[in-house]
Amino acid sequence: MLSRVAESIFWMCRYIERAENIARVVNVNWHLALDDNSSEPQWLPLISITADEALFAEKYDSATQANVIEFLAFDRDYPNSIYCCLKAARENARTVREIIPTDLWEQVNTFYQQVDAISKAPDRLVSPRLFFELVIKESNEFIGRTLTTMTHDDGWFFCRAGRMLERADKTSRILDVKYFYLLPTADDVGSQVDNIQWSALLRSASALQAYRQTYGQILPVNVCHLLLLSNAFPRSVRYCVESLQFAIARIAGSYTGEYTYDCERYCNQLHSQLACAKADEVVLAGVHEFVDSLQIKLNRIGGAISDGFFSGKPLERRTHRTSMQGQEG
Amino acid sequence: MLSELYQTEGFFDEMMETAGKPRVGMQRIVEQLSAIDRVELYRRQREAETALHELGITFTLKSEDGDTERIFPFDLIPRIIPGKEWDWIEKGLKQRIAALNLFIQDVYHDGKIFKDKVVRESLVKSSVCYRKECEGLKVPGGIWNHVSGTDLVRDKDGQMYVLEDNMRCPSGVSYVLENRDLMKRTLPDLFRIGRVRPVEEYPAKLRQMLDFAAPPGCESPVVVVLTPGIYNSAYYEHSFLAQNMGVELVEGRDLVVHEGFVKMRTTRGLRRVDVIYRRLDDDFLDPEVFRPDSCLGVPGIMEVYKNGRVTLANAPGTGVADDKVIYSYVPDIIRYYLAEEPIIPNVPTYLCEKADDLKYVLEHLDELVVKPANASGGMGIVVGPHATKDQLAAVREAILADPREYIAQPTLSLSRVPTLCDDGFEGRHVDLRPYALHGDGVYVLPGALTRVALKKGSLIVNSSQGGGSKDTWVLAE
């Protein structure tokens, strides 16, 4: 497979996964804002999840609901807005449209056209729920089509690698930020918590139902277990890293646990760490610190995938203007 | 409604001989078409346009406000060519393409045609598409013009003419196939009664021709399509052809010259490439040989090509035959190399580099069509009868500044085809671009791109200037 093609497939999937995650997080917060709460729902944490506070501050003076939704969903200048993610996903799809199934291209194309139309509509902020639901639904449609129409060879594994790397990153950020806002002091760990807010956190990762079925009462330590270490929940970081590890091994042609490329080595290391970690130890040592180091490792894997498969030669990583990994060139 | 109200207005109409009287062999089609309810017809027209958007069949229109992606408008009403007339066109194209290939081979080698004083050497060598770097080049099988798209037009007396030869990177064949697909989707009943020759085997034929063009000794050649990238206006077509041939679509940055061969960068390392169907102009192919500022090409590729280790289709330098000044000599070229009379005539052409012609052209600017000798996409064309005084003054100046680069032709009254307009059927002017492949013999696709000037009265069919297209039916008989 051409390196450029592999890279485009990888990023096409990454951008769509990114859009879906943003849609879910914002949608949950929007629902929360409808409830009669003692305190105003906070919108700033959503910007923190993207770690693009600086870009937000350049253009908007305060983190109001309208500003945050505009920024994260529709902003044509912010490279990680849902609109820009879809635009980038479609551009990538266009460059490989002869490789990917025609059905898949058509879906990405119409997905983008819908997002484009809504993001231009004057009433886009009146009821954004429908928009977010559309993005989530179309993203799932996209995933379904990759699963059922792509040949499960290299292209498919690059697709899966891109999606899983992005999802691991987003799940860990959602946990990190919400955890920080919900539990300002270590003393609160283990005590009864604000059910509404914690439910919202879990819903942001589509994890509330899974949580209820496995653990019942909400305890932060169990939330950390589900989102970071579960080997069965499809949005947990460990699950994603395991899938990533499998995809890269298939691309590289390595046996499980062995490696040819650096990205395999880093991925195997991270997977072992997650497989052997205990949730209460993670909480004791600090969730934020854990996620921080996780992020660094995920970024390193992303860089090594690029070096190993996309460049043909080792390349220097440029610093990105936005904090999220983005596509080069 | 087609048979009663539709007027041919003194033009040659491809479907109707006169008002209410369809041409021979088209009666049933016209009857069936007229039987479709008008509202229903507009609904199907919209359906076809929606399908184009959803399929992402678009081209990029460059403008000062930035590039926009547009669909190439599709008109439901087909353009129909009787089988017998097509057979004549096919014969004429085969003749022309064979002769032009011999001409290109000759001008880069012995130059017999210069010595025999049929075409002036200085005229050929002054063409902007002449490539000195190609002199003495041995091309596999002696084939230069692998793919051509020849523009034909019909004048009001019904005579078909060759208007232009396109052997650089003729585009549009993907629309031939997509239009056919749209036609089958939207008007299946009409299509069925037409008994139309199929066009679907073009990609397979293209692949077969490219395999044939491989460097000698190459058992199962690796073929690729080289595109300038997604911002090129014909990108959709490049990806369409790659997909339907089952080959890789590559950009310049995917290719590298390594150990004397052209190779592509893959996730498993470098892989050798044997045949490149390039949709990139000569100028951009190799920054080491042609334009040094090109970042679309592959440094060193010409060297590999000269060593016979990769095939480029079409061969660099082929564009010399597209020059509209050379065009005027094609009838002589056919007679010279094949000792045959040309089958399809040329449009009479005045060469501004000849003193007599120049004088005539300047005196009749308001009647003639003036064209730059080496532009494409309808750029720079001035249609005298439709031009303003300022436009005529500007073209006069341009001609005088560089007579070699201008030709002029009488303003043809292009034939028309009924077209679905806001107020029902109206006649619109069309041209015809058939596609031919030169490999083991010349293959002419039994179908063509019919471009239609959608603006009332307009003679300019280019997609960048308000043109659309129609499905082109070559009938079995």
Side-chain angles (χ1 to χ4, degrees), chain A residues 1-10 12 76 87-88 90-114 116-117 151 153-158 161 247-248 250-253 260-261 263 305-313 315 328-329, chain B residues 50-60 66-69 71 174 177-178 181 203 222-256 258 263-271 273 277 279 295:
Chain A
M1 165 164 276
L2 282 179
S3 299
R4 178 178 53 79
V5 167
E7 187 172 13
S8 288
I9 292 178
F10 178 86
M12 168 182 76
R76 287 177 182 240
K87 188 163 190 281
R90 177 178 179 268
E91 291 283 87
N92 278 294
R94 256 187 98 195
T95 67
V96 295
R97 63 184 285 175
E98 81 286 359
I99 305 280
I100 60 177
T102 308
D103 280 0
L104 189 62
W105 154 251
E106 284 181 32
Q107 195 263 337
V108 175
N109 189 38
T110 50
F111 187 2
Y112 163 74
Q113 284 166 352
Q114 294 179 76
D116 179 46
T151 309
D153 57 9
D154 283 2
W156 154 254
F157 287 112
F158 276 112
I248 301 176
R250 289 297 296 268
I251 293 163
T260 318
Y261 294 87
C263 57
I305 288 174
S306 172
D307 291 346
F309 299 116
F310 303 155
S311 63
K313 58 181 190 315
L315 91 166
E328 307 217 349
Chain B
T50 310
L52 284 172
H53 275 292
E54 283 174 2
L55 295 166
I57 301 175
T58 55
F59 68 95
T60 311
D67 297 352
T68 47
E69 247 181 75
I71 59 165
S174 58
L177 277 75
E178 289 295 351
D181 191 52
V222 175
V223 175
V224 299
V225 176
L226 174 62
T227 174
I230 58 166
Y231 299 108
N232 184 271
S233 60
Y235 179 76
Y236 164 71
E237 173 154 309
H238 307 158
S239 83
F240 175 92
L241 291 174
Q243 181 175 36
N244 286 283
M245 286 194 288
V247 304
E248 298 283 1
L249 176 67
V250 301
E251 295 178 19
R253 59 192 161 117
D254 297 323
L255 298 180
V256 59
H258 182 249
K263 297 185 181 174
M264 56 183 166
R265 298 177 214 268
T266 78
T267 53
R268 298 194 201 286
L270 299 176
R271 184 168 176 226
V273 171
Y277 177 34
R279 297 293 299 257
C295 46

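Heavy atoms only: backbone and side chains are in, while hydrogens, waters and symmetry mates are out. Within every chain, numbering begins at 1; the chains are lettered A, B, ... in the order of the sequence lines, protein sequences first and strands thereafter.
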How long is the gap from OH on B:Tyr231 to CZ on A:Arg94, to the nearest 0.5 Å? 8.0 Å
A:Glu91 versus chain B, heavy atoms under 4.5 Å apart: side chain, backbone, both or neither? both
Check whether more than 12 heavy atoms from other residues, nucleotides or ligands sit under 6.0 Å from atom NZ of B:Lys263, and answer yes or no. yes
Closest non-hydrogen atom pair between B:Glu54 and A:Asn109, with its separation: O-ND2, 3.2 Å
What part of B:Arg253 lies closer than 4.5 angstrom to a heavy atom of chain A: side chain, backbone, both or neither? side chain
Proximity breakdown for B:Val250 and chain A, heavy-atom pairs closer than 4.5 Å: both
If one checks every heavy atom of A:Thr110 against chain B at 4.5 Å, the contacting part turns out to be side chain
Quick one: which residue pairs count as a ring pair (Phe, Tyr, Trp, His ring centres under 6.0 Å) with a foot in residues 90-111 of chain A, not counting sequence neighbours? none
From CD (B:Glu248) to CE (A:Met1), nearest 0.5 Å: 7.0 Å
Of B:Thr266, B:Thr267, B:Asp254, the one forming a side-chain hydrogen bond (donor to acceptor under 3.5 Å, both in side chains) with A:Arg4 is B:Asp254
Is chain B contacted by the side chain of A:Ile100, its backbone, both, or neither, given a heavy-atom distance below 4.5 Å? backbone
Using a heavy-atom cutoff of under 4.5 Å, enumerate the residues of residues 237-246 of chain B that contact chain A, numbered in order, or state 'none'. B:Ser239, B:Ala242, B:Gln243
Is there side-chain contact between B:Val225 and A:Glu98, with heavy atoms separated by less than 4.5 Å? no
To the nearest 0.5 Å, what is the distance between CD1 on A:Ile99 and CG on B:Leu249? 7.5 Å
Side chain from CB out, backbone as N, CA, C, O: work out which of these in A:Glu106 comes under 4.5 Å of a heavy atom of chain B, or both, or neither. both
